[in-house]
Protein chains: 2
Amino acid sequence: MNATEILKLHEIKKTPGRIAIINALVNYNQPLSENEIKAEMQEMYDRITFYRNVQALTQAGIIHKIVIDNTTVKYGINHCDHGHQHQNEHAHFFCEQCHSVVCLEEVKIPEYNLPSGYKCTESDIIIKGKCKKCNQ
Amino acid sequence: MNATEILKLHEIKKTPGRIAIINALVNYNQPLSENEIKAEMQEMYDRITFYRNVQALTQAGIIHKIVIDNTTVKYGINHCDHGHQHQNEHAHFFCEQCHSVVCLEEVKIPEYNLPSGYKCTESDIIIKGKCKKCNQ
DNA sequence: ATACAAATGAAACAATGTTGCAAATATAAA
DNA sequence: TTTATATTTGCAACATTGTTTCATTTGTAT
């Protein structure tokens, strides 16, 4: 499924900026940072538009934001893309050497045993270490 | 154990700024943001010094940084404070209503089953929802 | 082709965090 | 208690990340 089809499926407007973001994520096949996406977009990149498109794509359920720490954010494409908001909840891996991020689809977010009175609506797992490539 | 004793135990210099940060965290008995600590420190607060003291206290193993998302950071005091770097690994809870953070000492960080080739050095769990007080 | 809502891009702002450097201070030793 | 020295402080300046307002442009359904 290409960018145009993804945008149509999720009923948001097809614009060059959105297509470029989706294409970057699909082509690299892994979550990317703003700067990595910017590099792909070249002169078409505009910071304000980028942030707004990231919001729009996130709301539409096309991408998800991955916060590694307060200064590192990546964006990943959603694979379970039939329908909206279907966050297929998984852990994320961050390589401290090459700074790549991998969606660990097989590492699901568990139900935690919270102290009584606490209600969970969402949870995030960030696993940091050395990725496959960097371990070779 | 008071701030002076904590600083001496961890062998870093006793300064008014460090004492104030430790006292704020101990008195509130929960992780606080920069602004919450700033409010406690009043006119003694200086941004640059604050950031440097946070670094020093973190390195000394006295406090730990809790990144809720890219715009929300809290600092919590370490309870297992005999010795350095003894990060007692636990999950953190963030209340989306009152924005308080709770160290869930009883929710331990598990060993994850990573794909072969991946090595983990550290992992973070942030659980978001509604805390005990806000659920009443 | 056109109408209208939505998206864009510029300027300006806000929050968070860092670095270099001179002055001030904490602490150990005399 | 005084002194010596390494550490810490606070200022100025900067870097990065993200948001808001508003006029202009563009996407898309009719």
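Just the heavy atoms: all of them, side chains too, but no hydrogens, waters or symmetry mates, feed the values below. Chain letters run A, B, ... following the sequence lines, proteins first and then strands; every chain starts at 1.
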message: Within the 4.0 Å limit for protein heavy atoms, which parts of nucleotides 8-14 of chain C are touched? Write it as a string from 5' to 3', B for base, S for sugar-phosphate only, - for none.
response: BBBB---
task: Using only heavy-atom distances, decide whether a donor-acceptor pair under 3.5 angstrom links the side-chain of B:Arg47 to the base of D:dG10.
output: no
Phosphate OP1/OP2 of [N]: any [X] side-chain N/O under 4.0 Å:
X       : N      : answer
A:Tyr51 : D:dG18 : yes
A:Asn70 : C:dG17 : yes
A:Gln55 : D:dG18 : no

- prompt: Among C:dG17, D:dG18, D:dT28, which is the nearest nucleotide to the side chain of A:Glu34?
  reply: D:dG18
query: Should A:Ile126 and A:Val73 be regarded as members of a common hydrophobic cluster, given that ILVMFWY residues are connected when their side-chain heavy atoms come within less than 4.5 Å of each other, either directly or indirectly?
result: no
query: Between B:Tyr75 and B:Glu34, do the side chains contain an N or O donor and an N or O acceptor separated by less than 3.5 Å?
result: no
query: Looking only at side chains, do B:His64 and B:His92 share a donor and an acceptor under 3.5 Å apart?
result: yes
- request: Give the C-alpha distance, both sets of side-chain angles, the deciding distance and a yes or no for salt bridge (Lys or Arg N to Asp or Glu O under 4.0 Å) between A:Asp124 and B:Lys128.
  value: CA-CA 8 Å; A:Asp124 299 319; B:Lys128 298 175 187 174; 3.4 Å; yes
Nearest-Å distance for atom pair [atom1]/[atom2], residues [X] and [N]:
X       : N      : atom1 : atom2 : value
B:Ile21 : D:dT9  : CD1   : C1'   : 13 Å
A:Glu11 : C:dA6  : CD    : P     : 13 Å
A:Asp69 : C:dT16 : CG    : P     : 15 Å
B:Glu43 : D:dG10 : CD    : P     : 11 Å
A:Ile12 : D:dT26 : CD1   : P     : 19 Å

- request: Remember a base hit wins even if backbone is also touched, and classify B:Lys13 as base, sugar-phosphate or nothing at under 4.0 Å, heavy atoms.
  value: base
Atom CG of B:Asn2 with >12 non-hydrogen neighbours under 6.0 angstrom: yes
- prompt: In this structure, are over 12 heavy atoms from other groups packed under 6.0 Å from B:Lys132 atom NZ?
  reply: no
query: Hey, is A:Glu36 close enough to A:Lys74 for a salt bridge, meaning N to O under 4.0 Å?
result: yes
